Novice: 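For reference, the structure I am asking about is given below.
When a residue number appears, it is its place in the shown sequence, counting from 1. Both counts, for ligands and for their atoms, begin at 1 and track the order of listing. Just so it is clear, the values below take in all heavy atoms, side chains as well, and ignore hydrogens, waters and symmetry mates. This structure is a prediction, so every number in the text was calculated from the model and none was measured.
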Amino acid sequence: MIVALTPNLSLDRTMTLDRFLAPGQLHRVTGLTVAAGGKGVNLARAVRAFGGQGCVAGVVSGFNGQHFRALLEAEGLDNVLEDGEGETRECQAFLSDEGHPTEINEAGPPYQPEAVARLLPRLPQGQVVVCGSLAPNTPGTAFLEMLRGLDRPVVDSSGAGLEAAVQAGASLIKPNEHELEALTGSGTLDSARELYGRSGVQILLTRGERGAAFIGEEVWEVEAPQIEVKNPVGSGDTLLGTFLYARQGGQSIPDALRLAVAAGSANAMLGGPLKFRVEVARELMAQTRLLTPAEPECHSVGPERRFP
Ligand SMILES: O=P(O)(O)OC[C@@]1(O)O[C@H](CO)[C@@H](O)[C@@H]1O
């Protein structure tokens, strides 16, 4: 079981516009999809698409929260949800034939310690993955404490969330290059190696259309296939969900990474997490390229921490 604990769930509204979003102009919506969202939902969808067990966990609130529950139930995704106060946020994605997909994410209701305290004991047994942004006003100490109580979770967050993940000794983090740069001052493979060397936290570094790298005791890089991107939203979540699913199923790191990169590409090519198809990911896997594992320059690795 992969448990996608998502601190800031959302209702995702994906709008196709008659032309690329332009300031000060009227736009007509030619297509609209409303789906349960937040990074953990996309991750759980990918796990399930491959035949694995994925469960969404989080706090939902208000009318949007009821809508979220109904959409998740309609999709048949396993979930553990607690009711909170305020209103679950909305995240908008704008697409058009002219490209440049654009996202606008609300902040969401503030951190709700009581609801989180009710939620955590209800999490099912399994690998916990903490996914996405934190609720506004989440105290750093409370988040750190939560991570420490989760037995080496995987963390896909940014900013303070990522810093806390390193401090708490997460088993794996999944930054993109910008998030790694914000964390360490540089988004390169060398800086990821240095981070692993001093923390023992494994890193799955996503590099957008270029692919991804795994940095731990072993270092692997995979180049993504050339595809036409329809909607990149959720590609990183699909990539991570696929990687974790494949590793739990016993696949080697390079095989899991190739499948994960292919799955992220399939997500972007097909139009997002609701359109993702495993067969396409498997086909695209043949077009990924595994680069020769680079020799770590820094051998001073920390305590051994492997996933799973
Ligand atoms: O605001 P966060 O939590 O960073 O990201 C939320 C979000 O943009 O991430 C997913 C795509 O990765 C969307 O489904 C979702 O709405």
Novice: Return yes when Gln92 approaches ligand 1 closer than 4.0 angstrom through a heavy atom, no otherwise.
Specialist: no
Novice: Under 4.0 Å from a heavy atom of Glu103: which atoms of ligand 1 are those, numbered in the order shown and with their elements?
Specialist: 8 (O)
Novice: Residue-level breakdown please: for Thr6 versus ligand 1, do any non-hydrogen atoms fall below 4.0 Å on the side chain, on the backbone, on both, or on neither?
Specialist: neither
Novice: Give me the residue, atom name and distance of the protein heavy atom closest to atom 8 (O) of ligand 1.
Specialist: Asn105 ND2, 3.0 Å
Novice: Output the distance between atom CD (Gln127) and atom CG (Leu172), rounded to the nearest 0.5 Å.
Specialist: 8.5 Å
Novice: Please determine whether a side-chain nitrogen of the Lys or Arg among Arg19 and Glu98 lies less than 4.0 Å from a carboxylate oxygen of the Asp or Glu.
Specialist: no
Novice: For a side chain to side chain contact (heavy atoms under 4.5 Å, CB included) check, start with the C-alpha distance between Val201 and Leu195, then their side-chain angles and the critical distance, and finish with the verdict.
Specialist: CA-CA 8 Å; Val201 174; Leu195 178 60; 5.9 Å; no
Novice: Can you give me the closest heavy-atom contact between Pro175 and Leu180, atom names plus distance?
Specialist: CB-N, 3.8 Å
Novice: Asp83 pairs by side-chain hydrogen bond (donor to acceptor under 3.5 Å, both in side chains) with which of Gln66, Arg69, Arg118?
Specialist: Arg69
Novice: Hey, does Gly236 sit under 4.0 Å from ligand 1 if you only count heavy atoms?
Specialist: no
Novice: So which protein heavy atom does atom 1 (O) of ligand 1 come closest to, and at what separation?
Specialist: Arg89 NH1, 2.9 Å
Novice: Taking only Lys NZ, Arg NE, NH1 and NH2, and the carboxylate oxygens of Asp or Glu, determine whether Arg289 and Glu221 approach each other closer than 4.0 Å.
Specialist: no
Novice: For ligand 1, note which part of Ser133 has a heavy atom under 4.0 Å away: side chain, backbone, both or neither.
Specialist: both
Novice: Any idea which protein heavy atom is nearest atom 12 (O) of ligand 1, and the distance to it?
Specialist: Asp237 OD2, 2.8 Å
